[in-house]
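Just the heavy atoms: all of them, side chains too, but no hydrogens, waters or symmetry mates, feed the values below. Values in this document were obtained by computation on a predicted structure and should not be read as measured data. Sequence lines set the chain letters: A, B, ... in the order given, protein chains first and strands last, and positions in each chain run from 1.
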Amino acid sequence: MSDITASAYVRQDLLTERPAPVKTTGFIGLVRTRLLNSPTNILITIVSALLLWFTIVPSVKFLFVDAVWTGTDRTACLTENGACWPYIQAKLPQLIYGFYPEAERWRVNLTFALAAVLLVPMLVPRLPAKAINASLFFFAFPVVAFFLLHGGGISGFGLSWTAGLLQLFDDSIIGAGQVLLNLSKTSAIAPLLWVLGSLIVLVGKAIYWLIFPLTWLRDQLEASGQSVWTDFAITTAVVSLIAFALGGGVRAGWRPLAWSLATFAAIAIVIKLMGLDHGGLSVVQTRLWGGLLVTLVVSVAGIVTSLPIGIALALGRRSSIPLIRIFSIAFIEFWRGVPLITVLFFATYMLPLFLPGNFTVDGLVRALIGIALFTGAYQAENVRGGLAAIPRGQGEAAAALGLSWWKTTSLIVLPQALRHVIPNLVNSFISLFKDTSLVSIVALFDLLGSLRASFADPKWSAPSTLFTGFAFAGIIYFLFCFGMSRYSLFVEHRLNAHRRN
Amino acid sequence: MSDPIVKITGLNKWYGDFHVLRDIDLEVRKGERIVICGPSGSGKSTLIRCINALEEFQEGEIVVDGIELGPNLKHIDAVRREVGMVFQSFNLFPHLTVLDNCTLAPIWVRNIPKRDAEATAMKFLERVKIPHQANKFPGQMSGGQQQRVAIARALTMNPKVMLFDEPTSALDPEMVKEVLDTMVDLAEEGMTMLVVTHEMGFAREVANRVVFMDAGQIIEANTPNEFFASPQHARTKLFLSQILR
């Protein structure tokens, strides 16, 4: 018993604060406690220091100390062992614009400027009007950028496009019916094919008469001369009325109506400014595009389109509807199982063989679609990882509150899932950015392709141009990738505020 | 006696081959507080999860406030809007603040303007006595506070029935009391409640009826006084002797 009472203890006076015993803070503290605190660490420190010495010193020497800074051709760079910067200076336009005509390069600059003006405010969280900013960047900017970079105008608007699309659809139905009818002349199951073919042609004919008013109106508009603006007015009226009706009609529909009219007014201003109604800017074929322009177009388009594709596929893969699930799994596994080079070759050289006769897709767009689908499959698996990390209770709680599947997914599950996988998503974006250099094998000259093309110039043929060129390309790629990486860390930190106590 | 607000008839449910709920018949009248107790695995959680269609069932019928919920689960959303639920593990949305947790459903399900939804949410947060924490994230609060937010969140939808699935089982003893006090307040205001719990003190104090379940069936149902004083079935006696010492 006495043992237990003896262990009782009450402190009489509190201890005062004392300074730390040895220096454990600051630079000296770091050296003492982290770098030289044990024989192994001393060894590692020495080896690392040597490694840094042998890599950084020669690089600095090549890039700056021994470098040639001025000159007009290869003779300047023949004598020194350092980087040949005048070569980069002379080739810079080619590295940025490729073969884009010199007189039209202001269009590329304007596109870059527009992108920067829209992107920077979107990335800084403190700035207001995120919704308008994002919709401008994701919907308006691509269209404007297309007409700026590619040029050309429009000959109609919503009405003509709808009519054209429906007609194409109808033509392909009738075409398929005709094929079956032709087959039925030789096949063993002729009657069946004939019935099926006739039926399809009949349906096609029915659709033809169904959309006849639309196509007739389109033809009338085209004959009238002022087709773009008349079409534009009709489209504005129809879309605004639909927005008004869906928004709640007379009771609450005035806001959607105002938004719709404002959007169309903005579109009208853009059409007028760029002269799209009478031909627009002169057309620059995509095969003339090159350099950083192609790299950025491909990577930005790939990044922006692959994430929605990935999210849709990831949700599809977890769907309880077998058809959607099987499709998603097959799609993901197919694209993941094929090398990107194969995808690009397929998209560029084989896809045109499968498309119907007069239907052509631009070479750059084909590569873009290939890259977007390829990255989309990878993003799907990233997103699926995030979805798997969300406890079942989250969905149940949302369902118990009466939220539908769509609202539960978009408000509760996806926001949490995506936060979990930001590093993986950005990882895929960075690898997409670097993989864009593969488009050079399908005759598109991206930054790296333009660089390699520039090596062929005898005017600048010197021993150091090769190293200088690759060093420059490396720096450019690094700047973009490092920027994405840092920004993703910032976003991660900001969005995970709820996980810090 | 008013009409039953929840009416369960001939409810049968299987997990694969396992018969979890067997011929359950239960009527809950408006304003009635029912405590469901029983050993673990007896199907009590499954039963109340059937009421708002978090679980599907194979046979029988559940009618909530005149809305019929058959085995094909057609009127899920209509029923869920009328039934609030509080979970054992709180299930607050960790990426939203407390206030956003409470306004989410009113805004997105009932289409209430944000400002009105926030005013209502603050009213309910005051009722569970945590209005000053409205802008915190759930992860920054204690378990008891989180569970009270979960109750407030369910109340913002103005449910006609509240389901509690072991609301205090994941809490420290000190926090159990604050949550139970909130539930007692709610009962005194006349809310219809179905509570799965092991808190027999709560059952004695608040319940109109105690339902004892074992092996997927209702063994005994009675007023708390009768239930605790003179249990009839042998299984009930055994259960009570084990938990009340």
Side-chain angles (χ1 to χ4, degrees), chain A residues 125 128 130-131 246-249 251-256 311 319-321 383 385-423 425 491-501, chain B residues 45 48-49 51-56 73 75-98 100-111 113 135-142 149-150 153-159 161-165 170:
Chain A
K130 280 282 174 289
L246 287 183
R251 187 171 48 82
W254 299 108
R255 259 176 80 91
I311 290 173
S319 168
S320 55
I321 304 166
V383 174
L387 291 175
I390 307 302
R392 230 172 61 129
Q394 290 289 308
E396 284 181 353
L401 285 167
L403 286 133
S404 64
W405 183 88
W406 284 106
K407 284 174 183 164
T408 303
T409 304
S410 58
L411 297 170
I412 305 299
V413 178
L414 267 183
Q416 294 186 58
L418 292 181
R419 278 164 217 227
H420 282 303
V421 292
I422 290 171
L425 296 177
V491 170
E492 210 181 315
H493 193 72
R494 192 181 148 76
L495 287 183
N496 286 340
H498 65 276
R499 289 207 218 141
R500 292 189 298 270
N501 284 322
Chain B
S45 286
I48 69 164
R49 286 162 62 87
I51 295 175
N52 66 351
L54 285 181
E55 300 279 353
E56 33 186 70
L73 305 180
H75 306 292
I76 284 189
D77 289 335
V79 167
R80 283 176 179 166
R81 260 175 267 149
E82 307 305 331
V83 179
M85 180 141 190
V86 176
F87 297 85
Q88 178 178 356
S89 49
F90 327 139
N91 291 345
L92 293 179
F93 307 130
H95 63 301
L96 300 177
T97 62
V98 165
D100 289 341
N101 262 283
C102 295
T103 56
L104 185 92
I107 290 175
W108 290 93
V109 180
R110 294 227 193 265
N111 293 321
N135 289 316
K136 279 194 178 177
F137 285 104
Q140 299 164 326
M141 311 174 83
S142 74
V149 172
R153 178 177 72 176
L155 290 176
T156 55
M157 287 293 282
N158 280 323
V161 183
M162 283 284 283
L163 308 176
F164 293 83
D165 188 1

In terms of heavy-atom contacts, A:A399 and B:R80 come closest through O-CD, 2.9 Å

For B:F87 and A:A400, work out which heavy atoms get closest and say how close.
-> CZ-CB, 4.1 Å

Rounded to the nearest 0.5 Å, how far apart are NE2 of B:H95 and NE2 of A:H420?
-> 10.0 Å

To the nearest 0.5 Å, atom NZ of A:K407 lies from atom CD1 of B:I107 at 11.5 Å

Please flag which part of B:L92 lies under 4.5 Å from any non-hydrogen atom of chain A: side chain, backbone, both or neither.
-> backbone

Shortest non-hydrogen contact between A:A397 and B:F93, atoms and distance = CB-CE2, 4.1 Å

Say you draw a straight line from CG of A:L403 to CE of B:M157; how long is it, rounded to the nearest 0.5 Å?
-> 7.5 Å

At what distance, to the nearest 0.5 angstrom, does CG of B:L96 lie from CD of A:Q416?
-> 7.5 Å

Give me the one residue out of B:M85, B:R153, B:R81 that meets side-chain contact (heavy atoms from CB on, under 4.5 Å) with A:L401.
-> B:R153

